[in-house]
Amino acid sequence: MTDMPDTTLTPEPSHDAPGAHGDDAVGYYRPGDPVADAKAPDGPVADRWNTRKFEARLVNPSNRRKLDVIIIGTGLAGGAAAATLGEAGYNVKSFCYQDSPRRAHSIAAQGGINAAKNYKEDGDSVYRLFYDTVKGGDYRSRESNVYRLSEVSANIIDQCVAQGVPFAREYGGLLDNRSFGGVQVSRTFYARGQTGQQLLIGAYQAMERQVAAGTVEQYTRHEMLELIVADGRARGIIARDMVTGEIQTHLADVVVLASGGYGNVFYLSTNAMGSNVTASWRAHRKGAYFANPCYTQIHPTCIPVSGAHQSKLTLMSESLRNDGRIWVPKNKADCDKDPRTIPEEDRDYYLERIYPSFGNLVPRDIASRGAKNVCDEGRGVGPEVDGVRRGVYLDFKDSIGRLGEDAVREKYGNLFDMYLRITGENPYEVPMRIYPAVHYTMGGLWVDYDLQSSIPGLFVAGEANFSDHGANRLGASALMQGLADGYFVLPQTIRDYLADGPFEKIAEDHPSVVEAKKSVEDRVAHFLSTNGTRSVDSYHRELGNIMWEYCGMERTADGLKKAIDLIRSLREDFWRNVKVLGTADSLNQSLEKAGRVADFFELGELMCIDALNRRESCGGHFRAESQTEDGEALRHDDHFAYVAAWEFAGDGELPVLHKEDLVYTAIEMKQRSYK
Amino acid sequence: MAASGLLFIAFVLMHMYGNLKAFGGHDTYNAYAEHLRTFGEPILPREGLLWILRVALIAALVLHVYSAFALWHRSAKARTTKYVMKKNLASSLSSRTMRWGGVTILLFVVWHLINFTIGKVNVSGGSTNDPYNLLVDSFNSWWLTVIYLVAMLALGMHLQHGVWSAAQTLGLTNNARARRNAKSLGWILAVVIAGGFSLVPIFVLAGVISK
Amino acid sequence: MKLTLKIWRQPDAASKGAMHTYEVDEVTGDMSFLEMLDVLNEQLNVKGEDPVAFDSDCREGICGTCGLMINGQAHGPEVTTTCQLHMRSFNDGDEIVIEPWRSDAFPVIKDLVVDRGAFDRIIQAGGFISVNTGSAPEAHSVPVPREDATRAFDAATCIGCGACVAACPNGSAVLFMGAKITHLGELPQGQPERDDRVVSMVAQHDHEGFGGCTNIGECVAACPKEIPFDVISRLNWDLHQAMRHGH
Ligand SMILES: Cc1cc2nc3c(=O)[nH]c(=O)nc-3n(C[C@H](O)[C@H](O)[C@H](O)COP(=O)(O)OP(=O)(O)OC[C@H]3O[C@@H](n4cnc5c(N)ncnc54)[C@H](O)[C@@H]3O)c2cc1C
Ligand code: HEM
Ligand code: HEM
Ligand code: SF4
Ligand code: F3S
Ligand code: FES
């Protein structure tokens, strides 16, 4: 057996009684030196991006052709970067695991994209978008990055419109927008419920144009399985051609990861089946710090799990909460009754009861936790899965009565149809059932202001990095970030890095290349020769259950420790007992999954350790030990106003925690309240 | 394809109208046949118009058949492995039988020309130099009438899809209403042309039109 | 529910394939069609047989990755994607025939997985608006009448799944191509390249080996996104215009 990580390690759990803000994770990690974002210029936050752009060195157009750029991912971030760097004249190689770049998971985003255009003259501005995003992230994001994001947001809309993205328009022919996610201004641009699709198609087409022009070479059905770091710089990747099974070496002057989020560590999530952490995790193992892995966003309005066969969860637009009322029966005995027969006085409209001023419109994390609590009490509805009913009603009866069925159909028709298709129940007649599901991961590879990771020459963009959303992402801001990174930030900052290039060519027999390639080949060989008894999926599902149970909507020190133990033993079993059929030299979907699940095990453990370390509640991270008297999230800015950047120290070694202090110069930290 | 098809439609419309003159009796019909040949004289030589028409028709036919076979060849190459099971959901029988329908029409035209124009075959053994009599003699034979009626069915189907298809090919059907209109026109032309042609043989066989 | 599945198995592009018969049990109406196949694969895995390869990613009807010929219908009996088709559309005891998209322009890679790279190449031929990053004018400088925007949008919802090709008796991809031409052609931004676009995309389409359209309409019936027939007419119109303009 070759590359199997050593799993024998059982660190001593912490015995020193953690104080109010004590560190529960003592014994699970080693403290390291603090890190700092070295690249953000000083000075007023509003000037930093201009300063940085100006300071970034230039690359002579005739030199660009000699510079090779590898981009992993063709979502909004990767697709936009490939198009832009291709236009600039670099030699771009673009990779994705799907059969076409157009299928990256950005395609699934529904709601919209924020931009500080202030077309409605409702008081919006770059500063306000910046402010809302930092506050939405519960003051755990980096101020300079978020400001830049707000600054370039308006250019994104211009760019996309010019590409032909069919945003919603008003009768006058100008762009429409709406308010989204609890902010008070109208700045969300949308294309029906398919904003992500339309934006991605725009980026995809821009990229295909470069493919035709010969500046971008497109590698579809290619999965990056290892990063090549030579002489301290990221210099390439090892990829597997998923059709032929060939293990290929691709070398370059700079590598960009835009490989998306890792929500699939939970097995069930709103992510695509193939979404994975492998690209990021392989880079992490090669020295890139992983920041805030425990920050996950759980979306309150998804269609509940219907049985053990479930493979993914489907999001229903949050806008449903504008008109639907959320409730569960007051009595457990009523939970399996036809909801229409339960009288008003026996219903508990728990969000309206607990949060009288915001009611059903409380932020995502609060709505999600509310649903979990009532289901944990045994008052959930819908089918029992593993002995528990996990679902709450989202009832449109009142709005249908008030507005009429036609008006409701007009607003939500396509969502209702989708619900009917998936569940077989007609939401015009019976209340919908919803339940929270994992939706987005705010954590990711640590990057500086230039979006460069702790490995020189490795840049990270989109959901794969950690930088802009803090502990909670506001609606409609991931699309904004992906495109900001890809179109406007990376092309500027990579330029500065490449001004030192082209770097000395490295040969295919360079020890780093040989080692990287061999480790991939060994891993493939290991999976195919283990010949155990359990399918990859069954491990993934079990890992997901552990993560959801203990590192999901509510986390406790005991639960997290238990989860770490469970993950470790499951992982050990996985390496010994997994069954992967088929061959290495053809399309082999089980083999692909095995590699991804192997990395999810390691990530899952780090997520738990990170969650254990952060004994505060902030954004999507809720530690039961840190709540106010009435059960609200309680931040501890004095102790935890930092980014947790984790360093991989080797198999069997404790991860090393580097802290980056979050300094706010343009904003004052406040406690959120939605009562 | 569409241009040649449209020319065919114009021709068959005219031709059908001409055929209906058979209801006017021997002299009306023969006068019409003669008129066809003398039309435009003396600017055009005898049969001048007819030859212009013939040349145009032959050119169109060559083009039409060539494109038909080219299309046929392309679709055959586009799917060399057939489905084990394939259902048709929205398409008409006519649309799916354009090629065999076309071949049927082609065979028919060949026979038809031998019958009436080039070869002048009188199946009843009668004279061939009097167009009206040749017509009546021919359709007094039941089996020839059946051949004609089958061909008219093929023509009707070819037109029913062909008219709509031509409109679509020319890019004239950019909304649902235009599409509906093109489809209706297809039906109307199919019924009028195939039906109109069929009247003469049927009425001959029934003895209403006779020498 | 108990079902009999007849599935096309083909180890790789070079091998010859054949239909194989499998039984699956304990299928429930709540399962999606692909989850039903997951159940089959779990069974096969236990038995040591190679699981059936099929494509899917988002499993919510938007990425266009999935696509199977189910009982002779592209994406099965409902107007939706294969991943959004649920087993309640079938009955206990049914026999279901499952085949890959059949088109020589979409060669089979393995079992039910095909290569749709031809679609990317058609887009490369001209399915874009040439605008470099950063050179875009202010978004409100070009108003777009709402109707045009709506028509562009209706066409832009194409997910590139290939069901139109799979369903077309001629194996033609004009619905897919027409959708792109209509999307870009309805917008003011798309005008400058309108002639070039249609000419090069059609040339690429033919070059890829897709069949010619004879307006049969099976594609429209199979399309999960209900791309309207108009787009084909629009494509033809644009092509004639381009030819008139001397292309
Ligand atoms: C259902 C849903 C709805 C959403 N709605 C909204 C919304 O309304 N507004 C909003 O702002 N955000 C929304 N989001 C979030 C947003 O869509 C994503 O965060 C964002 O699109 C991520 O873009 P990305 O470019 O970083 O990655 P992705 O689009 O996920 O792309 C990842 C790319 O990396 C490639 N890749 C991954 N691993 C490898 C590997 N190992 N080798 C090779 N290639 C690899 C993939 O092939 C893919 O091309 C939503 C998310 C979901 C799931
Ligand atoms: C001689 C043998 C013929 C053959 C082999 C033939 C074959 C075909 C084929 C394969 C098509 C393409 C299908 C389509 O576009 O839908 C077609 C179209 C058509 N045919 Fe024919 N056909 C023949 C004769 C005729 C005749 C005699 C007429 C008219 C009287 C005719 C009228 C049309 C029309 C109007 C179209 C539609 C053109 C378009 O879609 O652009 N065809 N034919
Ligand atoms: C029942 C229907 C039809 C009858 C009774 C009929 C009768 C005739 C007759 C009598 C002639 C000879 C005319 C003359 O030489 O003056 C003729 C010629 C011709 N017919 Fe028909 N016809 C019929 C249908 C068709 C159809 C359906 C087609 C084509 C699709 C067709 C194509 C022609 C052609 C091409 C000629 C030759 C014209 C020429 O002299 O160049 N006919 N037909
Ligand atoms: S037109 Fe319809 S069927 Fe064809 S690729 Fe697009 S969505 Fe799929
Ligand atoms: S089914 Fe085929 S023939 Fe044309 S109208 Fe559709 S592409
Ligand atoms: S898997 Fe994405 S559309 Fe079906």
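All chains are named by letter (A, B, ...) in the order of the sequence lines, taking the proteins before the strands, and each is independently numbered beginning at 1.
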Inset, instruction - Go through the atoms of Thr28(C) and report whether side chain, backbone, both or neither lie under 4.5 Å from a heavy atom of chain A. - result: side chain
Legend entry - Pairing of Asp99(A) and Arg116(C) as salt bridge, 4.0 angstrom limit: yes
Inset, instruction - Using heavy atoms and a sub-4.5 Å threshold, report which of residues 187-202 of chain C line up against chain A, by residue number. - result: Leu187(C), Gln189(C)
Legend entry - Residue among Asp537(A), Thr583(A), Thr423(A) with most heavy-atom pairs under 4.5 Å to chain C: Thr423(A)
Legend entry - Basic-acidic side-chain contact under 4.0 Å: Glu170(A), Arg146(C): no
Inset, instruction - Could you please spell out the steps behind the side chain to side chain contact (heavy atoms under 4.5 Å, CB included) verdict for Gln589(A) and Lys110(C)? - result: CA-CA 11 Å; Gln589(A) 294 172 329; Lys110(C) 179 175 181 179; over 6 Å; no
Inset, instruction - Just do the salt bridge (Lys or Arg N to Asp or Glu O under 4.0 Å) check on Glu138(C) and Lys117(A) with the steps written out, would you? - result: CA-CA 10 Å; Glu138(C) 152 63 38; Lys117(A) 278 285 196 188; 2.9 Å; yes
Inset, instruction - Go through the atoms of Gln163(A) and report whether side chain, backbone, both or neither lie under 4.5 Å from a heavy atom of chain C. - result: both
Legend entry - Atom group of Thr157(C) that falls short of 4.5 Å from chain A, counting heavy atoms: both
Legend entry - Lys/Arg-Asp/Glu bridge criterion (N-O < 4.0 Å) met for Asp154(C), Arg192(A): yes
Legend entry - Portion of Glu147(C) that has a non-hydrogen atom of chain A nearer than 4.5 angstrom: neither
Legend entry - Criterion salt bridge (Lys or Arg N to Asp or Glu O under 4.0 Å) on Arg221(A) and Asp55(C), from CA distance to verdict: CA-CA 11 Å; Arg221(A) 291 197 201 266; Asp55(C) 254 338; 2.8 Å; yes
